[in-house]
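Being a predicted model, the structure only gives us computed values, none of them experimental.
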Amino acid sequence: MHIDARELDNNTIIEGDLCIVGAGAAGISMALDWNKSGKKVILLEGGGFEYNSEIQDLYSGNSTGQRYYPLRSCRLHLFGGTTGHWGGMCAPFDPIDFKIRSWVPDSGWPIALDDLVPFYGKAQKLFELDSYNYDLQYWQEKYPGLTPFPLDKDVIWSKMWQFSPPTRFGKTYKETIVKSANIHLYTYANLTNIIANDQVSGIKQLIVKNHNGKTHKVRAKNFVLACGAIQNARMLLASRGQAKKGIGNDKDLVGRYFMEHLEIKSAELWLKKPFSTELYTFDYSTRKPRAELALSKGIQEEAGILNGSASLTPLAIAKKQTPLIDVWSNEDPRKSFDKLVANFRESREKNYARKDDGNRAFELFTRMEQAPNRNSRIMLSREKDALGVPRPQLHWELTELDKYSIRKMYHILGEQMGKASVGRIKLEEFLWDKNDHSMPEQLGGGWHHMGTTRMSEDRKKGVVDANCKVHGISNLFIAGSGCFSTAGAPNPTLTLVALSLRLSDYLKTS
């Protein structure tokens, strides 16, 4: 069922069993999981079904520290959310990502990979992917040409990725949501305030507004914030009616530990002789699974570095591509993404042969987790948006471990390439000086906002518990990558949906 909140009488009271705020990947996944459940599910979306610049401007904000993309461009504010310009890359986290690592400060989740595996399978289906199998041998049997470099597997392994079409949740699941008898989708219903009881032990209601001057109240047994890591933290911090520091922020943790993936061209690989790199190069026309080069758990521990991976792009293509940080400088998120895709496809079509046996020079592009850092955070600006909510202020701050990990990963990879007589690696200039811990301006990210409402069983170390419930509040939950304790190496979309489905399962039985 669909209701346009602009057309409701002012001060309408909306009531249900479960209220989910945000109709992106996390929110829609949870709503679909409750379809035909017999429970009234309220799904709130701040935008509509189409892009609207006025609505998009509600996501505008400022940033300091390491250079970052315009916040207005980082998320799409409409039904379907950022799946509207998602690239479709899927891979699960590794077991080491959930463990306490002595060399990574504030690492460790209160859950393990095995706790998410059943929900990874369910998430996989939502992304229109058949097999939840990320084993290289499995894919080699389906595609015999996927041959890895002859490297020591105890040091370097091939981490597999699958590629969703990509699934646009706003289009793929619109009809199911709109026609559902128990899911009540309210568009143009922007959360502006969270009202707790006097003891701040439970949530009484939400206040939602829109540009038409309408204000409504939403009441439910349980509330789930699924607005993305920045917006979830922003709304908790801005809701100061009963809590002076913001909802769930009595330990000053809401908004802290903002994490991104560190994405940057870091080196070049020059092969000694031609070698088929079909396993490592992505082809948009077939969207076959591919692999990235990653370091084993034992080597990460031995070297004291973060988890990351390196992808290969033929140098002839890479040199013609616009750096990501420049592509994303456009304030219109639709145009910036279109520019990136067009740039990638054009350079690939002109320079890439289907069988790349003849390529001997490759760009090595890094995707590295960011070390948890409490000083990397979301705060509130003094400026307010059109609905009266303080705008977000991002301070993106990195540590010495971040750059050290990138440099060390390529030193190890270079050694292994040399030992196996595969080729040689040439580091980019920003990695030459071991005493320089700063990151260059061209460092990018993947729009992978994580960690602002991190998970921990200790409320002194996290905002939510192992079931994504806000500490000390009986009926408020957070869905999405803001709950991540560490960022892992892969894109977060598959994992955030799996974690949201796990939360959904918990709410059904609680």
Side-chain angles (χ1 to χ4, degrees), residues 86-97 112-114 116-167 269 271-300 307-314 317 348 352-360 362 364-365 367 413 416-417 419-423 488-495 497-498 501:
W86 174 53
M89 299 179 68
C90 291
F93 274 25
D94 303 323
I96 191 174
D97 296 325
L113 176 61
D114 287 345
L116 280 185
V117 167
F119 303 100
Y120 270 132
K122 292 179 68 174
Q124 189 95 351
K125 294 178 181 178
L126 288 173
F127 294 131
E128 302 175 278
L129 294 169
D130 294 329
S131 174
Y132 177 64
N133 193 316
Y134 289 82
D135 181 70
L136 172 58
Q137 185 175 354
Y138 171 86
W139 292 107
Q140 284 177 316
E141 291 174 359
K142 295 192 69 171
Y143 303 105
L146 301 181
T147 306
F149 289 126
L151 305 174
D152 185 343
K153 295 179 181 179
D154 291 331
V155 180
I156 308 291
W157 65 291
S158 297
K159 181 170 181 61
M160 296 300 301
W161 294 76
Q162 294 187 51
F163 296 88
S164 170
T167 304
L269 169 62
L271 299 180
K272 184 176 181 181
K273 58 183 179 180
F275 186 93
S276 176
T277 56
E278 184 179 352
L279 172 62
Y280 302 107
T281 48
F282 176 42
D283 188 343
Y284 260 107
S285 65
T286 64
R287 305 191 76 85
K288 288 193 302 186
R290 75 160 186 186
E292 294 187 350
L293 298 167
L295 299 187
S296 69
K297 171 188 173 182
I299 294 300
Q300 289 181 49
N307 199 359
S309 59
S311 62
L312 276 67
T313 302
I317 297 174
R348 192 173 189 85
Y352 182 60
R354 289 297 176 202
K355 292 186 177 180
D356 57 336
D357 296 17
N359 287 313
R360 295 179 62 182
F362 297 85
L364 291 174
F365 189 82
R367 184 183 294 101
L413 186 56
Q416 293 301 309
M417 289 289 182
K419 286 182 179 179
S421 296
V422 172
N491 290 25
T493 311
L494 180 65
T495 299
V497 169
L501 291 173

Practice item. Assign the ring pair Trp139 / Tyr143 to parallel, tilted or perpendicular, where the plane angle (0 to 90°) is split at 30° and 60°. Key: parallel
Review point. Less than 4.5 Å apart, any side-chain heavy atom of Val422 and any of Pro150?
Key: yes
Review point. Can you tell me how far CD of Gln162 sits from CG of Asn133, rounded to the nearest 0.5 angstrom?
Key: 7.5 Å
Exercise for review: Only counting residues at least two apart or in another chain, list the ones meeting side-chain contact (heavy atoms from CB on, under 4.5 Å) with Thr495.
Suggested key: Phe93, Leu116, Tyr120, Phe484
Review point. Going by heavy atoms in the side chains, are Ser158 and Phe149 under 4.5 Å from each other?
Key: no
Point to revise | Side-chain donor or acceptor of Glu278 paired with backbone N/O of Thr147 under 3.5 Å | key: no
Check your understanding: Who passes side chain to side chain donor-acceptor pair (under 3.5 Å) against Lys297, sequence neighbours left out?
Key -> none
Study note, to complete from the structure: Ser311 meets the side chain to side chain donor-acceptor pair (under 3.5 Å) criterion, sequence neighbours left out, with none
Check your understanding: Are any side-chain N or O atoms of Glu128 and backbone N or O atoms of Ser164, one a donor and one an acceptor, separated by less than 3.5 Å?
Key -> no
Check your understanding: Considering residues at least two apart in sequence or located in another chain, which fulfil the side chain to side chain donor-acceptor pair (under 3.5 Å) criterion with Gln140?
Key -> none
Check your understanding: Rounded to the nearest 0.5 Å, how far does OG1 of Thr277 lie from CG of Leu269?
Key -> 9.0 Å
Revision key, fill the gap. In this structure, CD1 of Ile96 is separated from CG of Leu295 (nearest 0.5 Å) by 10.0 Å
**Study point:** Separation of Asp97 CG from Asn307 CG (nearest 0.5 Å)
**Key:** 5.0 Å
Exercise for review: Please list all pairs passing the salt bridge (charged side-chain N to carboxylate O under 4.0 Å, His left out) test where one or both residues lie in residues 142-166, with sequence neighbours left out.
Suggested key: Asp94-Lys159
Exercise for review: Output the distance between atom CE (Met417) and atom CG (Leu364), rounded to the nearest 0.5 Å.
Suggested key: 7.0 Å
Check your understanding: In chain order, what residues pass the side chain to side chain donor-acceptor pair (under 3.5 Å) check against Glu292, with sequence neighbours excluded?
Key -> Arg290, Ser309, Arg367
